[in-house]
Amino acid sequence: MKALVIAEKPSVGRDIARVLGCSSGGNGFLEGKDYVVTWALGHLVELKDPESYGEQWKTWNMETLPMLPENLEIQVIPKTAKQYKTVKSQMCRKDIGTIIIATDAGREGELVARWIIKKSGVRKPMKRLWISSVTDRAIRQGFDHLKDAKQYEKLYEAAVARAEADWLVGLNATRALTVKHNAQLSCGRVQTPTLAMIAKREAQIRSFQPKSYYHLKVKGGGVYWIWKPKENAAVYVKDTVRRVLEQTVNSEGIVVEVKKKRQKSYAPLLYDLTSLQQDANRMFGFSAKQTLDYMQRLYEHHKAVTYPRTDSRYLTQDLVETLPERVRACRYGGYSRICGQLLKETIKANPSFVNNSKVSDHHAIIPTEQPISFHGLEYGERKIYELVVSRFLAVLLPPCEYEQTEVTVDCKGERFVVKGKTVHKRGWQEIKKIQEDAGILPEEDAGSDSPQDGPENGDETELPEFVKGQQIQFREGKITEGKTKPPLPFTEATLLAAMENPVKYMEGASQSLKKTLGETGGLGTVATRADIIEKLFNSFMLEKKDQYIHLTSKGRQVLELAPEGLTSPELTARWEQQLADIAKGAARKKDFEAQIRAYTADIVGDIAASSKVYRHDNLTSKKCPDCGKLLLEVNHKNGRMLVCQDRSCGYRKTLSRTTNARCPQCHKKMELIGEGEDRRFVCACGYREKLSAFEKRKKESGGGVSKKEVSKYMNKMKQEAKEPLNNAFASAFAKLKL
């Protein structure tokens with residue numbers, strides 16, 4: 001008899017098949033002497049749509065809510081039904097005696113396999129492969145120590161409880177809001193708290209009162225010295241600073257302290273998906289979804305990077321022996337000199353990036369051993385690959401070694417300081433220098449309600465040699481004024497960081513809840529956050545102005561209309577605590593379900609009884625050509641469009657689209673508006689240019705957008721305009737992972 005191995009993804013399945021000697025090809029499976037290996041494509045089975053339970057839920061009515069089926073049932077996902085049939089047919093083979101679950105080692109991975117097995121109705125002995133990486137050694141060791149699948153029954157129960165809770169709460173709340181206000185409204189455990197975090201940031205910005213602060217710097221001994229007041233509050237009083245200036249300029253100071261310290265700085269951790277999405281957004285303006293899409297292409301098509309949907313920033317010990325080959329695969333890009341330097345010596349493991357205990361389902365993102373041709377990569381794919389390579393090489397390089405010098409001068413009882421830095425070995429900062437030269441280092445999130453250090457404070461240039469007791473003549477001085485700044489609006493990068501660590505938005509929550517959410521990864525997962533942000537844009541609750549994210553009127557109203565419990569990360573934290581107890585056997589799934597059903601009934605009741613009103617404040621005077629109602633003008637992530645206010649209609653029309661074409665006057669991105677021969681580019685500065693004139697100008701200059709690219713772009717716009725927005729509204733929201 002043979003054993004059937006079910007992996008979660010084709011790539012992992014092929015890796016396992018190769019190690020197990022399964023080389024005979026099949027359609028969706030590989031077979032060998034003792035094993036058959038097949039795979040899912042992520043989830044192949046999901047909870048049924050509400051419409052599947054009867055006529056009462058095929059239409060959206062408040063009278064039929066809440067939707068509380070006695071038993072939630074599962075169904076095959078139509079898009080991947082072919083692969084489900086393949087997996088089922090392998091399970092049903094008479095020569096298959098055992099099923100080995102080899103999906104991801106975690107709660108969601110357990111659900112993927114168990115639902116497939118449950119839906120197929122197959123009852124055969126089951127084993128569990130529990131490994132955190134898919135190197136050959138890890139796979140072999142895992143198969144040498146297979147677990148009894150019964151050990152993971154409680155984990156499976158917790159996974160089902162989470163899925164069913166999201167179905168009950170998310171779909172009921174969304175339907176209730178939608179039919180109550182006859183508008184396309186949705187809310188859920190993750191997306192609504194995300195809106196709330198943005199609202200809180202916007203409130204902080206609106207209420208911020210700037211405060212002036214002052215720096216004093218004086219020149220002496222060839223450098224500028226920064227005054228260090230005895231009390232920090234003094235920097236807010238200009239007269240105090242002026243008094244110190246008058247007292248010390250043209251006076252003599254004495255060097256009272258020279259501190260020199262040898263220090264090391266280490267490379268940042270390897271990328272997980274969230275940190276990669278953050279840097280890609282800061283450096284290149286890529287959205288979280290774009291970065292994930294580029295990573296999927298690099299992973300699945302080019303075989304150039306490891307599994308992208310990971311939340312770990314460390315490697316396991318068994319990967320160390322593969323590092324030289326991975327470095328060789330990176331030699332053909334912009335980091336060839338660094339690669340050659342690394343390959344001259346033995347590459348050793350370092351606890352700063354190799355730690356088995358900090359890897360759960362998947363290790364950090366690193367390049368594979370597969371060399372890659374840059375000619376075959378799109379622009380975005382190449383940029384993302386270079387980010388992965390640069391971070392990978394950085395952790396392999398030695399630390400940067402430098403000497404930090406701080407000199408303090410006393411002048412008439414006032415202290416002045418200058419700092420300098422002498423680099424002895426650049427180490428990993430060779431990578432940083434390459435990025436600096438290319439002008440692609442990420443900008444940090446600015447904004448602070450505290451005074452910032454002066455521009456010379458923390459200067460990293462070398463200082464002249466100073467000795468204790470040396471006299472310094474202060475020749476000139478200058479007072480500089482600054483103002484405290486409010487926090488910046490969220491970008492996709494900073495919003496991802498807030499979703500990953502939303503503790504600061506949990507005011508009033510217990511330390512236990514905060515700790516739980518910190519340990520379980522925050523709101524959403526690395527695999528779902530990009531989709532959540534994208535859905536908020538596509539449902540017109542968020543809009544972008546330059547790179548910054550803002551709530552629309554619709555988003556603000558949804559926060560007002562949504563049940564209070566759904567607007568805070570606390571709900572996720574409480575669920576995670578209870579789900580962890582179910583997985584450990586310390587709580588019963590049945591009790592959790594009863595609680596969720598009662599909570600669902602409460603929130604539907606609250607929405608139905610609410611006297612709050614949703615107002616379309618973006619109505620236009622234009623009528624829908626299909627139903628005659630007034631159209632709404634909405635800001636999409638990439639432009640503006642007209643949408644019918646009636647959720648049952650479905651009409652929409654693109655008005656404008658933000659393009660990559662730059663204004664010749666102010667160099668900002670222009671919008672493309674109009675139809676047919678009247679299509680033209682417009683800019684906020686007032687510049688206008690017909691599309692035909694733009695194409696001619698670009699052709700004459702030898703650059704810009706080709707006619708083929710413009711045609712492709714316009715076809716994409718037409719296709720989007722045809723896609724239904726409201727007709728499939730019920731179906732779309734039924735599939736939302738809220």
Check your understanding: Just by distance, do the side chain of Glu202 and the backbone of Leu551 share a donor-acceptor pair under 3.5 Å?
Key -> yes
Check your understanding: Counting only N and O atoms by type, is there a donor-acceptor contact under 3.5 Å from the side chain of Glu543 to the main-chain atoms of Thr552?
Key -> no
Practice item. List the steps and the verdict of salt bridge (Lys or Arg N to Asp or Glu O under 4.0 Å) for Asp166 and Arg162. Key: CA-CA 6 Å; Asp166 276 337; Arg162 196 279 309 157; 2.9 Å; yes
Review point. Looking at Lys150 and Glu153, does any basic side-chain N land under 4.0 Å from a carboxylate oxygen?
Key: no
Practice item. Decide yes or no for His43 and Glu108: does some side-chain heavy atom of the first lie under 4.5 Å from some side-chain heavy atom of the second? Key: yes
Exercise for review: Name all residues meeting the side-chain contact (heavy atoms from CB on, under 4.5 Å) criterion together with Asn501; count only those two or more places apart in sequence or in a different chain, and write none if there are none.
Suggested key: Val503
Check your understanding: What do the steps show when you test Lys48 against Leu72 for side chain to side chain contact (heavy atoms under 4.5 Å, CB included), and what is the final call?
Key -> CA-CA 7 Å; Lys48 281 186 175 181; Leu72 287 175; over 6 Å; no
Review point. Can you name the one residue among Gln296, Lys289, Gln290 that meets side chain to side chain donor-acceptor pair (under 3.5 Å) with Asp293?
Key: Lys289
Review point. Hey, is the main chain of Glu73 close enough, under 3.5 Å, to the side chain of Tyr53 for a donor-acceptor pair?
Key: yes
Review point. Just by distance, do the side chain of Thr38 and the backbone of Gly28 share a donor-acceptor pair under 3.5 Å?
Key: yes
Review point. Counting N and O atoms only, with roles assigned by atom type, does the side chain of Thr178 sit under 3.5 Å from a partner on the main chain of Gln184, one being a donor and the other an acceptor?
Key: no
Check your understanding: Counting only N and O atoms by type, is there a donor-acceptor contact under 3.5 Å from the side chain of Lys612 to the main-chain atoms of Glu560?
Key -> yes
Review point. Will you find, in the side chains of Gln577 and Arg574, an N or O donor that is under 3.5 Å from an N or O acceptor?
Key: no
**Study point:** Heavy-atom donor-acceptor pair, Gln557 side chain to Arg615 backbone, under 3.5 Å
**Key:** yes
Point to revise | Any donor-acceptor N/O pair, Gln278 side chain to Ala493 backbone, under 3.5 Å | key: yes
Check your understanding: Which residues satisfy the side-chain contact (heavy atoms from CB on, under 4.5 Å) test with Ser11, sequence neighbours excluded?
Key -> Lys9, Tyr299
